[in-house]
Number of protein chains: 2
Amino acid sequence: METPDTQILFALGRITSALRAGLWQSAGELGLVPAQAEILTRIARQSARPADIAAHLGVSAASASDSISSLVAKGLALRLPDPEDGRAQRLLPTEAGLCLAEKLTAAPTAVQGALAALPSQDQAALLRALTLIIRTLQEARAIPVQRMCVTCRHFRPRVHANADHPHHCAFVDAAFGDASLRLDCGEHEAALAEEAAALWRRFDAA
Amino acid sequence: METPDTQILFALGRITSALRAGLWQSAGELGLVPAQAEILTRIARQSARPADIAAHLGVSAASASDSISSLVAKGLALRLPDPEDGRAQRLLPTEAGLCLAEKLTAAPTAVQGALAALPSQDQAALLRALTLIIRTLQEARAIPVQRMCVTCRHFRPRVHANADHPHHCAFVDAAFGDASLRLDCGEHEAALAEEAAALWRRFDAA
DNA sequence: TCGATTCAATTAGGAATCCTAATTATATTA
DNA sequence: TAATATAATTAGGATTCCTAATTGAATCGA
């Protein structure tokens with residue numbers, strides 16, 4: 001318990017516990033368990049395959065299938081055949097599922113409150129650090145690839161002198177700062193390999 | 001998915017998944033499941049009561065009791081009567097449990113790798129932000145109280161001009177920075193209520 | 001001091017997740 | 001066309017997780 005690494009890991013563990021407890025609480029009030037709530041909010045945002053869900057949650061395909069079946073049995077989700085691949089399926093929320101997903105994302109949790117209470121400079125620094133971590137985890141194949149700024153061909157890191165808005169998005173043609181980094185952007189287009197490496201170095205530089 | 005809050009929550013979710021998957025992996029190689037691994041490493045660091053374990057993990061006392069029983073059945077932990085309270089127990093690791101706990105903490109995970117790869121400035125900023133979050137979660141009674149710098153009577157936030165080492169610990173009489181903030185310090189002594197509030201304001205100030 | 005209440009912990013009962021291994025059906029490749 | 005790979009589920013079993021009820025010990029008030 002001495003290096004920053006160890007302290008950070010410890011801190012993440014504590015916050016993870018709070019997140020799980022909060023999810024049991026808020027999901028439980030709506031008749032769901034955490035895994036079901038996570039899957040439902042995910043497919044409410046965007047349709048996904050069972051394999052995506054499993055990768056997103058970091059569980060086996062069999063476990064994901066279990067939880068999906070629970071949602072289907074409750075009439076909150078549908079399994080439809082995937083038009084692009086006869087082996088695959090597309091998961092969609094039902095009307096009731098969408099309604100419940102909105103309540104879930106709206107439900108305030110203790111962690112959300114703590115984030116809101118964070119000074120905006122710390123918020124930006126936190127988001128920046130987490131973005132870097134997620135990028136590294138992606139490269140290590142520990143988590144599935146995100147549609148995030150730091151791998152997007154529209155991203156221009158550190159091109160402005162303004163310390164609060166050093167980055168630029170070529171898609172919306174606007175300057176922005178660490179606080180506005182996206183991890184799941186609808187306009188994301190993957191940069192080519194060498195281009196991505198250059199973005200990475202530029203953003204990462206301390 | 002627009003405000004920093006939402007992005008941060010999303011990011012924490014992704015990292016949580018990676019943490020859980022890593023724990024299934026590393027604990028699984030040693031014949032444990034995540035909950036058992038977390039309890040074992042916790043009691044290896046310091047003896048604890050079942051109620052502490054439950055609060056630490058954010059689960060019910062009954063669930064904690066289940067997992068503790070699993071550890072006891074495997075010969076990795078012992079339940080001893082608590083000398084201070086006849087209703088309570090003290091949990092201790094056995095020799096085999098200590099040995100396993102060391103292997104667990106030594107096992108490198110993907111998230112640990114990602115943390116190590118983080119530039120040290122981002123590490124410090126991350127630890128600072130997480131410390132603030134944990135402090136808020138404690139106040140909201142969402143997680144149990146930690147033996148952390150920001151609630152310690154030896155802590156002197158922002159007393160030095162040196163930007164890298166602005167804080168001071170009166171116990172060891174040394175300057176330190178955000179990167180060295182402790183969340184579980186052996187020398188922690190809780191500050192009085194009003195004193196604690198003053199520390200908080202001073203450290204929090206952006 | 002004695003009863004009532006509170007508290008720490010476990011047990012009981014049951015639902016849900018999680019795993020690996022095996023199976024089915026579709027895609028891809030040689 | 002045959003062999004292999006992939007997407008998903010099912011089967012079987014271990015474990016966690018919940019709430020409610022129980023046991024024993026500590027504390028509080030009359």
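The figures here come from the full heavy-atom set of this structure, side chains too, leaving out hydrogens, waters and symmetry mates. For clarity, every value in this text was computed on a predicted model and none was experimentally measured. Here is the naming used below: chain letters follow the sequence lines, and residue numbers restart at 1 for every chain.
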Visitor: Base, sugar-phosphate or nothing for B:A61? Non-hydrogen atoms, less than 4.0 Å.
Guide: base
Visitor: With a 4.0 Å cut-off on N to O distance, would you call A:E139 and A:R135 a salt bridge?
Guide: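 The answer is yes: the pair qualifies as a salt bridge.
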Visitor: Out of curiosity, A:I8 CD1 to B:L115 CG, how far, rounded to the nearest 0.5 Å?
Guide: 5.5 Å
Visitor: Whole Å only: how far is the CG atom of B:D66 from the P atom of C:dA8?
Guide: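 Roughly 19 Å, once rounded to whole Å.
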Visitor: From C-beta outward on B:Q89, which listed nucleotide comes closest to its side chain: C:dA9, C:dC19, C:dA12?
Guide: C:dA9
Visitor: Please confirm whether the shortest side-chain N or O distance from A:S65 to OP1 or OP2 of D:dT9 is below 4.0 Å.
Guide: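 For D:dT9, OP1 or OP2 has a side-chain N or O of A:S65 closer than 4.0 Å.
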Visitor: For A:E84 and C:dT28, what is the distance between atoms CD and C1' respectively, to the nearest whole Å?
Guide: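 Atom-to-atom, A:E84 to C:dT28, this comes out as 16 Å.
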Visitor: Going by atom types alone, do B:D5 and A:Q112 pair a side-chain donor with an acceptor below 3.5 Å?
Guide: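 B:D5 vs A:Q112: no donor-acceptor pair found between side chains.
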Visitor: By the 4.0 Å heavy-atom rule, please label A:S70 as base, sugar-phosphate, or nothing.
Guide: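 Sugar-phosphate only.
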Visitor: Using 30° and 60° as the class limits, which term best fits the ring planes of A:H167 and A:F176: parallel, tilted or perpendicular?
Guide: perpendicular
Visitor: Check for me whether A:R128 meets the cation-pi criterion with A:F203, that is, NZ or CZ under 6.0 Å from the six-membered ring centre and within 45 degrees of the ring axis.
Guide: yes
Visitor: Please determine whether a side-chain nitrogen or oxygen atom of A:S67 lies at a distance below 4.0 Å from atom OP1 or OP2 of C:dT17.
Guide: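 Checking C:dT17 against A:S67, a side-chain N or O does come within under 4.0 Å of OP1 or OP2.
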Visitor: Looking at every strand, decide which applies to A:D82 at a 4.0 Å heavy-atom threshold: base, sugar-phosphate, or nothing.
Guide: nothing
Visitor: Which residue, A:R87 or A:A64, contacts DNA chain D at a nucleotide closer to its 5' end, judged by nearest heavy atom?
Guide: A:R87
Visitor: Would you indicate which nucleotide in C:dA9, D:dT9, D:dC18 comes nearest to any side-chain atom of B:P50?
Guide: C:dA9
Visitor: Would you tell me if any nitrogen or oxygen in the side chain of B:S60 comes within less than 4.0 Å of OP1 or OP2 on D:dC18?
Guide: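 Indeed, a polar side-chain atom of B:S60 lies that close.
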Visitor: To the nearest 0.5 Å, what is the distance between OG1 (B:T131) and CG (B:L183)?
Guide: 4.5 Å
Visitor: Would you jot down, in residue-number order, the residues of residues 19-42 of chain A having a non-hydrogen atom under 4.0 Å from DNA chain D?
Guide: A:R20, A:W24
Visitor: Is A:R79 touching bases, backbone alone, or none of the nucleic acid, heavy atoms closer than 4.0 Å?
Guide: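 A:R79: backbone/sugar contact only, no base atoms under 4.0 Å.
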